[in-house]
Amino acid sequence: LPLLLDASSSWPPTEGSSSGRIVISGAAGMSPSRARTIARRIAKQFGTQTPALYLSGGDAKFVEYDRTVFEQFASGLPQAEFLAASSFAEFRDVIGSAELLISGRFHYLIAAIALATPVVGWASNTPKNELLFNAIGRVGEVVQVRACQEGRGAMRTALRRPVQAP
């Protein structure tokens with residue numbers, strides 16, 4: 001992914017191109033009810049008027065499931081929008097211009113790190129996200145999705161101190 005970004009003719013964007021929005025995507029174990037809880041925590045941390053985008057992409061079955069998760073997410077953060085990225089350029093531009101990416105998807109996390117977008121990473125169904133964060137020196141900073149549902153402070157802490165690219 002970083003090599004593909006380097007080869008992209010329209011990258012990097014011009015200075016000051018941040019969209020000011022928080023971009024969120026799914027994660028292994030991201031149920032609709034957890035998505036609603038997480039949206040409420042984001043709204044509490046950043047305010048209910050914070051621009052938010054739920055980013056999906058890839059295989060159609062994932063987009064369909066993401067739409068289901070998004071419906072519950074939007075109940076906790078009503079101004080959120082849904083986008084199924086239709087191209088690599090769109091995917092790259094959305095993540096690259098985000099104020100913050102919150103994701104449990106490995107390739108989304110790699111993109112954010114490569115694009116120097118601050119990120120909060122969710123654990124996945126394998127240790128790959130933890131290993132990615134360990135590789136950039138941010139050991140122990142991947143959030144367990146269930147921790148948000150159980151009312152632990154992990155989400156609040158992560159939102160206050162997102163990971164920056166090394």
Side-chain angles (χ1 to χ4, degrees), residues 1 4-5 18-115 117-133 141-160 162-163:
L1 186 59
L4 189 55
L5 292 172
S18 173
S19 65
R21 70 181 161 206
I22 295 174
V23 175
I24 303 100
S25 73
M30 177 69 78
S31 67
S33 65
R34 285 186 176 151
R36 183 178 53 249
T37 300
I38 290 164
R40 289 178 181 151
R41 300 218 184 218
I42 291 168
K44 186 174 182 179
Q45 181 79 26
F46 296 102
T48 58
Q49 298 306 307
T50 299
L53 179 73
Y54 196 99
L55 179 62
S56 183
D59 191 280
K61 69 180 178 182
F62 294 120
V63 174
E64 182 179 326
Y65 182 73
D66 280 348
R67 284 188 194 280
T68 303
V69 172
F70 170 74
E71 289 172 12
Q72 290 301 309
F73 183 83
S75 73
L77 204 58
Q79 81 292 353
E81 298 176 21
F82 182 87
L83 174 68
S86 60
S87 68
F88 175 76
E90 185 174 31
F91 169 82
R92 176 204 61 214
D93 292 347
V94 167
I95 292 175
S97 66
E99 195 71 29
L100 172 67
L101 173 74
I102 303 171
S103 181
R105 299 220 168 109
F106 184 66
H107 294 100
Y108 290 45
L109 297 175
I110 291 172
I113 291 166
L115 297 167
T117 298
V119 64
V120 171
W122 299 111
S124 187
N125 56 350
T126 68
K128 60 190 169 209
N129 294 349
E130 289 89 340
L131 294 171
L132 174 63
F133 276 46
E141 294 191 38
V142 172
V143 178
Q144 298 298 319
V145 174
R146 71 179 171 277
C148 296
Q149 187 74 11
E150 296 166 359
R152 298 182 187 150
M155 177 70 167
R156 182 175 54 250
T157 301
L159 289 173
R160 288 185 181 148
V163 170

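Residue numbers start at 1 and run along the sequence shown. FYI, side chains are in, hydrogens and waters are out, and symmetry mates aren't considered; it's all heavy atoms of this structure.
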Those residues that, when tested against Ser87, pass side chain to side chain donor-acceptor pair (under 3.5 Å) (two or more places apart): none

Any residue meeting side chain to side chain donor-acceptor pair (under 3.5 Å) with Glu90, in chain and number order, not counting sequence neighbours: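 Ser86.
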
Residues in side chain to side chain contact (heavy atoms under 4.5 Å, CB included) with [X], at least two apart?
X	answer
Ser103	Ser25, Leu101, Arg105, Tyr108, Leu109
Pro78	none
Ser75	Arg36, Gln72

4.5 Å side-chain heavy-atom contact, Leu83 and Phe70: no

Side chain to side chain contact (heavy atoms under 4.5 Å, CB included) between Val119 and Leu100, intermediate numbers included: CA-CA 6 Å; Val119 64; Leu100 172 67; 5.5 Å; no

Side chain to side chain contact (heavy atoms under 4.5 Å, CB included) between Leu55 and Phe91, intermediate numbers included: CA-CA 8 Å; Leu55 179 62; Phe91 169 82; 4.1 Å; yes

Trace of the side chain to side chain contact (heavy atoms under 4.5 Å, CB included) decision for Ile24 with Ile38: CA-CA 10 Å; Ile24 303 100; Ile38 290 164; 5.7 Å; no

Residues, nucleotides or ligands: over 12 heavy atoms within 6.0 Å of Lys128 NZ: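 Check passes, neighbour count above 12.
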
Over 12 non-hydrogen atoms of neighbours within 6.0 angstrom of CD in Glu81: no

Pairs where residues 47-58 contributes a residue and the test side chain to side chain donor-acceptor pair (under 3.5 Å) is met, not counting sequence neighbours: Ser56-Asp66

